[in-house]
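To start, the structure under review is shown below, and the notes come after it.
Residue numbers count from 1 along this sequence.
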Amino acid sequence: MRLNSRHSYADRGNDFYPTPREAIEALIKCERGLIPKNIWEPACGDGAIVRPLREAGYNVVATDLIDYGAGFQGERDFLLEELPHREIQGIITNPPFKLAMPFVEKAIKDVPYSAWLLRINFLESIRRLPFFRKTPPARIWVSSRRLPTMHRHGWEGPKASSNMFFAWFVFERGSDATALDWFDWEELCENAEVTG
């Protein structure tokens with residue numbers, strides 16, 4: 001059994017792994033009352049994060065480097081862009097993992113709130129340690145149950161279950177400590193209405 005996928009960055013292309021709906025629905029419930037009304041989703045892909053946020057009543061500007069058919073509002077490189085609207089107070093996304101650190105660093109300068117769906121191993125890095133000490137996440141929501149499998153866009157190979165663990169990393173301006181908690185997406189999403 002293979003425990004870790006070792007796809008090269010070249011193989012991974014733009015690193016687009018569609019987000020399971022359960023992940024964003026869980027975030028909306030965990031962060032109820034804390035998510036700002038006006039959000040930017042800068043790596044919107046196929047709209048998997050955008051749709052549940054809009055359904056929950058949030059205003060979402062959706063952009064991406066590539067048009068994956070989400071009916072989004074423009075091909076934009078997040079790392080080179082300014083906020084699309086002054087009213088935007090938050091960023092919520094599942095960024096390309098290879099660019100996660102530059103995405104987070106840019107976002108915390110641009111907006112007071114951001115939430116990132118990232119693998120747990122985002123925490124373990126000597127290179128990121130100074131950043132975390134200076135700018136700790138306000139909250140980390142660990143998925144206690146593995147999320148439904150995310151396969152690379154265009155993947156035609158076998159659809160194995162995921163062996164990766166994910167969490168929502170939430171940054172809020174002014175936070176100086178991290179609260180750690182867990183969520184069970186199956187419990188949160190089962191027959192439950194998601195409201196903002």
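Linking Ile, Leu, Val, Met, Phe, Trp and Tyr residues whenever their side-chain heavy atoms come within less than 4.5 Å leaves Leu129 and Phe169 in two separate clusters. One hydrophobic cluster, built from ILVMFWY side chains closer than 4.5 Å, cannot hold both Leu65 and Leu80; they sit in different ones. Linking ILVMFWY side-chain heavy atoms closer than 4.5 Å, directly or via other members, places Phe97 and Val142 in a single hydrophobic cluster.
Residues passing the salt bridge (Lys or Arg N to Asp or Glu O under 4.0 Å) test with Glu81, sequence neighbours excluded: Arg76. Residues passing the side chain to side chain contact (heavy atoms under 4.5 Å, CB included) test with Ala107 are Phe78, Ile91, Ser114, Trp116, sequence neighbours excluded.
The only option from Thr93, Asn94, Asp46 that meets the side chain to side chain donor-acceptor pair (under 3.5 Å) definition with Thr19 turns out to be Asn94.
Arg54 contributes a side-chain N or O that, together with a main-chain N or O of Val60, makes up a donor-acceptor pair within less than 3.5 Å. Remark: the backbone N or O of Gly45 is paired with a side-chain donor or acceptor of Asp64 at under 3.5 angstrom.
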Next item on the list: Assess whether side chain to side chain contact (heavy atoms under 4.5 Å, CB included) is satisfied between Glu186 and Glu22, documenting all intermediate values.
Entry: CA-CA 7 Å; Glu186 196 170 89; Glu22 295 86 349; over 6 Å; no

Next item on the list: Start with the C-alpha gap between Leu79 and Phe103, add the side-chain angles, then the distance that decides, and say whether side chain to side chain contact (heavy atoms under 4.5 Å, CB included) holds.
Entry: CA-CA 7 Å; Leu79 296 174; Phe103 265 59; 3.7 Å; yes

Next item on the list: Please step through side chain to side chain contact (heavy atoms under 4.5 Å, CB included) for the pair Tyr58 and Val50, ending with a clear verdict.
Entry: CA-CA 9 Å; Tyr58 297 97; Val50 175; over 6 Å; no

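Side chains of Ile140 and Val170 form no contact here, defined as non-hydrogen atoms less than 4.5 Å apart. In this structure the side chain of Val104 reaches within 4.5 angstrom of the side chain of Phe171, judged on heavy atoms. Taking the side chain as every heavy atom from C-beta outward, Pro95 and Leu118 approach each other to under 4.5 Å. Contact check for Arg119 versus Phe165: no side-chain heavy atoms found under the 4.5 Å cut-off. The shortest side-chain heavy-atom distance between Phe183 and Ser143 falls under the 4.5 Å cut-off. The shortest distance between side-chain heavy atoms of Gln89 and Lys37 does not fall below 4.5 Å. At least one side-chain heavy atom of Arg139 sits under 4.5 Å from a side-chain heavy atom of Glu172. The side-chain heavy atoms of His85 and Val61, taken from C-beta on, include a pair separated by under 4.5 Å.
Looking at every heavy atom in both residues, Pro136 comes nearest to Arg133 through CD-O, 4.2 Å. Residues Pro52 and Ala48 share a closest heavy-atom pair of CD-O, 3.0 Å.
Glu25 and Arg21 are joined by a salt bridge, as a carboxylate oxygen and a charged side-chain nitrogen come within less than 4.0 angstrom of each other.
Rounding to the nearest 0.5 Å gives a distance of 9.5 Å between CD1 of Ile88 and CG of Asp110. Rounded to the nearest 0.5 Å, atoms CE (Met101) and NZ (Lys106) are 14.0 Å apart. With rounding to the nearest 0.5 Å, the separation of CG in Leu53 from CD1 in Ile35 is 6.5 Å. Of the inter-residue distances, the one linking Glu105 atom CD with Arg128 atom CZ reads 10.0 Å to the nearest 0.5 angstrom. Between the CD1 atom in Ile24 and the CD atom in Glu41 there is a gap of 8.0 Å [rounded to 0.5 Å].
Side-chain contact annotation: Trp168 with Glu31, donor-acceptor N/O pair under 3.5 Å absent.
Aromatic rings of Phe122 and Phe132 (six-membered ring for Trp) have centroids within the 6.0 Å cut-off, being under it.
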